[in-house]
> 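Structure provided below as structure tokens; questions to follow.
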Amino acid sequence: MGKNIEVLVLDDEAIVCERLKEFLEDKGLKVEAFTESARAVARLREKKFDVVVTDMKMPGPTGMDVLKFIKGEQPSTQAIVITAYGAIENFRETEALGAYDYVTKPFQLANIYNLIVKAAKHAKKEQA
Amino acid sequence: MKWRSFFTGGHQKGGVDLLRTKIQKFQSLLGENNRVLELMAEAEESFRGDFLFDMQYLRGLADRLEESVKGILLDLNFITENRYLSLFIIFEKIHAAVNDALLNKRNIPDAPLAMPLAEVDQQLSDVVGEKMARLGEIQKRLPYRIPNGFIITSQACQRFFRKTNIGDKIAEMETAMAAQKISAHEAESQLRIFILNEPLPREIATQMKHGIAGLEKEAGGKVLLAVRSSAIGEDGRLSFAGLHDTLLGVQPAEASRAYQEVVASLFTSRAITYRLHHGEPLSAALMAVGFLRMIPATASGVAYTLDPNAPEQNTMLVSAAPGLGKTVVEGKGNSDRFIISRHPPHQVISREVAHKEKQYEIPPQGGMVLTDVPSARAELQTVSDDFLARLARAALHIEKHMKSVQDIEWAEDDRGELVILQARPLRIIADFQNITRRVQAAVQKHATLISGRGTISCRGIAHGTVVVVKDENKLPELPANTVLVARNSSPKLAELVPAANAVITDIGAAAGHLATITREFRVPSIMDVGIATQVLRDGMEITVDAEENIIYEGKVEELLLYDIVSRLPLEDAREFRILRRMLKRIVPLTLKDPQAGNFKPQNCRSYHDIIRFAHEKAVEYLLEGSDQITTQKNIQCKKVLLQIPIDLTVIDIGGGLVPSSSHTAQCDIAEVNCAALRSLLEGLTSPGAWSTEPAGMDVGSFMSSVTGPGILMQSSVQMSQRNLAIISDRYLNLNLHLGYHFNQVDSYLSETRNDNYMYFRFAGGVTDSIRRSRRARMISTILQKFDFMVEIAGDFIIARLKKFERQALLDRHWMLGYLIGFTRQMDVSMRDDSMVEKGVDKFMKTILKHKTC
């Protein structure tokens with residue numbers, strides 16, 4: 001099911017990147033993970049991903065900046081936002097910017113995988 | 001002014017207003033109470049391994065808990081008029097400990113300055129360091145020899161740093177490095193000189209002498225020592241492998257000096273850089289040091305339980321050389337290399353026997369010298385194939401126990417015996433795509449027996465032969481490689497968990513006791529499968545994939561290989577370790593019984609204790625206060641007349657009683673408008689629920705009841721305890737003391753399903769703790785049959801249900817009322833474990849006659 005889904009994961013905490021990358025790759029997804037948002041944005045300039053999973057609060061460009069970049073440059077790419085507890089208001093803003101959905105920490109790996117697959121389908125449809 | 005005067009004084013209106021505010025505060029307290037319980041459940045659930053969280057979450061968790069617990073204390077002190085201000089001091093202590101855990105500062109547990117290696121296991125890693133903890137674990141749980149010895153603990157290291165000026169010096173260096181005033185090299189040399197020159201506190205030196213004397217007594221003469229570093233906080237993610245010193249061939253007279261050398265190696269420039277790079281503060285660095293008797297090794301080496309150069313080949317890699325293992329570890333001098341099959345009988349698949357010129361030896365006077373390998377031995381294979389097979393068996397056994405690929409240092413002593421010197425996880429860089437493809441192909445060849453049923457409670461993959469537990473009272477002896485299958489997740493099974501490869505149950509919750517034990521021992525487990533005992537039969541060979549929740553027929557080799565190379569145990573990640581330490585100060589409940597002598601503020605050890613205590617005392621005060629008023633303004637206080645001897649006062653805070661009853665001091669069930677309370681009372685008073693037969697009490701339980709702390713004998717029907725319910729049309733908070741045990745129900749029922757919830761807490765009993773815990777198990781099993789998530793600790797139960805339809809919750813209130821009555825004295829009859837299941841059956845049969853839930 002995960003064949004040919006390309007995902008970029010961005011979170012300044014290594015454990016999220018490592019675990020998510022490992023889990024999604026086991027499921028057959030192609031994953032690139034970044035702990036520095038500037039490097040992630042640089043990579044997004046080079047390559048188009050189906051889904052971007054991004055944390056909100058990070059040093060350097062924030063999740064919101066990444067989202068704005070995606071929606072400006074690659075509108076078909078779907079973004080899933082990782083929020084901290086109680087940061088739902090932030091999500092409203094991100095939703096307004098076109099985020100596909102959000103998850104709150106702690107989240108279940110299986111849930112985010114299902115969300116990514118759904119978002120990727122959506123992305124492929126938009127690309128078509 | 002005494003609190004009572006608020007209700008009895010001349011200002012009746014003021015009294016009522018105050019009571020109303022107190023009830024509001026009580027509701028706020030309950031709200032925060034539930035929030036804390038949910039946060040605790042969420043955090044514990046995160047340990048299941050299929051959740052992902054990070055430091056940001058942990059910081060948020062600590063903040064939210066702090067806010068809620070503080071809120072509870074403010075509410076409690078309002079209700080009780082500042083009676084429990086001392087709880088704030090206790091709260092601050094716990095809060096500081098939680099924050100220390102969060103900052104990865106170690107609260108070194110109270111521990112002796114020295115411990116014999118024979119007494120330690122992995123649980124003690126904060127005391128004896130990871131290296132010694134693992135070695136102790138092998139000796140304690142597995143049948144392999146390790147050197148005799150003792151450990152000077154982290155407690156001793158902390159004392160050494162605090163009693164001297166070393167602690168200050170470390171902090172000074174840390175600040176200077178942060179300001180880039182000095183380099184890691186400069187910090188190393190300054191700290192090293194400092195640590196070596198400070199006098200060792202006498203009590204530590206004394207412990208060392210005692211330890212060495214013990215080793216000499218055992219050996220019947222002088223010994224030489226291996227003094228090994230065992231830093232606190234090494235783990236799979238943060239491996240300090242090779243960064244700290246180990247000194248071999250140390251004379252007892254040199255032990256103190258060697259200790260200080262090893263402690264100083266905490267701060268080699270490499271170790272400093274490594275620590276800072278991983279965000280580990282220098283001021284948190286502590287070293288435990290192992291003093292082990294030197295093994296007269298004729299050969300030594302290293303075994304990797306999976307060849308890191310070719311993990312997909314499923315073979316082991318062993319290096320061996322004459323003399324001490326230093327030759328192999330440091331790569332000095334040549335050594336033999338063997339590729340060995342991971343399958344019995346562990347044949348050597350390929351061998352490279354080297355020409356070995358040099359070896360390390362320990363001369364009798366101590367120290368270590370590099371000598372020539374006798375020419376007769378230089379060309380020979382260092383150890384026999386038979387020894388290699390023994391080594392392979394042991395190494396794979398250790399791998400299985402530790403749940404990850406191992407890097408093992410070993411020795412062969414002068415009697416040809418195998419001695420394990422060290423074992424640590426080995427990270428394998430594998431081609432996962434290749435492995436994943438092979439796994440996918442392999443599982444196609446095996447029948448899927450069960451898929452996607454139940455809940456994974458400990459992730460992992462295991463293989464073994466099925467043993468179905470038929471009678472929890474006659475637990476079988478588990479042969480090696482067993483997958484334990486049982487109908488119920490009885491805590492009784494806990495003792496079998498360490499010996500099992502996996503655990504599967506038909507009924508049970510991921511948050512339950514048995515599930516917790518499987519996580520503790522890292523035994524893959526799936527609970528609540530429903531059909532396991534029907535599908536899986538004794539003697540079947542199966543592979544349990546508790547990653548994907550599938551059970552396959554036969555042994556899926558590729559899947560098992562995938563499991564050991566795919567990841568280091570998640571529980572070893574820094575975030576998990578921090579959460580584990582935080583939870584130690586949050587979750588454990590010491591204050592279980594409000595009647596017990598220890599139910600005092602000063603005995604609160606965790607947030608859980610604080611909220612439990614606060615809730616109990618708030619109820620007590622509200623009850624006393626409610627005596628003084630009947631009906632005022634919008635608040636009604638009435639006694640509910642019941643056909644059973646329960647003294648129940650309700651405080652109606654809005655629509656909980658029908659208006660017509662508003663001018664009397666008493667009401668009956670029909671006048672209760674709070675549907676949840678009405679259903680519960682109907683269940684409680686329905687025929688058969690409330691047994692009035694005196695319970696037959698044998699001498700044992702009678703003695704326990706009269707000698708139990710603070711418990712007075714009461715007649716089975718005369719209830720003098722008073723009970724309180726705070727109700728509205730949608731809300732119920734019921735606090736019910738029935739004789740010797742305590743029930744609390746907190747629920748909210750509306751037409752909006754998502755807002756609905758129901759909590760039930762149960763504790764206490766008149767008999768000994770074993771009978772009480774049997775009753776708790778019975779109640780827990782029954783509640784699980786009605787969809788409750790149940791947590792059970794001894795005789796204490798927390799059950800919760802959320803987001804159910806109103807009618808479904810009403811049915812469950814009725815059932816709960818019936819259950820409270822039914823189990824009232826049941827602990828007395830819980831003579832043996834078989835009574836648990838009998839009780840469950842009896843209850844289910846009876847209740848099904850009455851009502852369908």
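In what follows, chains are A, B, ... by sequence order, proteins preceding strands, each numbered from 1. Side chains are part of it too, since the values below use all heavy atoms of this structure and drop only hydrogens, waters and symmetry mates. Since we're looking at a predicted model, the values are computed, not measured.
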> To the nearest 0.5 Å, tell me how far I15(A) CD1 sits from F576(B) CZ.
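Those atoms lie 6.0 Å apart.
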> CZ of F53(B) to CD1 of I82(A): how many Å apart, nearest 0.5 Å?
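The CZ atom of F53(B) sits 14.0 Å away from the CD1 atom of I82(A).
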> Does R43(A), at its CZ atom, have more than 12 non-hydrogen atoms belonging to other residues, nucleotides or ligands within less than 6.0 Å?
yes
> If you define the side chain from C-beta out and look only at heavy atoms, does anything of K105(A) sit under 4.5 Å from L52(B)?
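Side chain of K105(A) against side chain of L52(B), heavy atoms only: no contact under 4.5 Å found.
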> Kindly compute the distance separating CE (M55(B)) from CG (D12(A)), expressed to the nearest 0.5 Å.
11.5 Å
> Taking only Lys NZ, Arg NE, NH1 and NH2, and the carboxylate oxygens of Asp or Glu, determine whether E548(B) and K27(A) approach each other closer than 4.0 Å.
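Yes, charged N to carboxylate O under 4.0 Å.
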> Are there over 12 heavy-atom neighbours, none belonging to K125(A), within less than 6.0 Å of that residue's NZ?
no
> Of the non-hydrogen atoms in P106(A) and Y57(B), which two are nearest, and what is the gap between them?
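It is CD-CE1, 3.1 Å.
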> Quick check: are there more than 12 heavy atoms from other residues, nucleotides or ligands sitting under 6.0 Å from CD of E67(B)?
no
> Side chains of Q56(B) and D55(A), heavy atoms from C-beta outward: is any pair under 4.5 Å?
yes
> Around K118(A), counting heavy atoms of other residues, nucleotides and ligands shown, do more than 12 lie under 6.0 Å from its NZ?
no
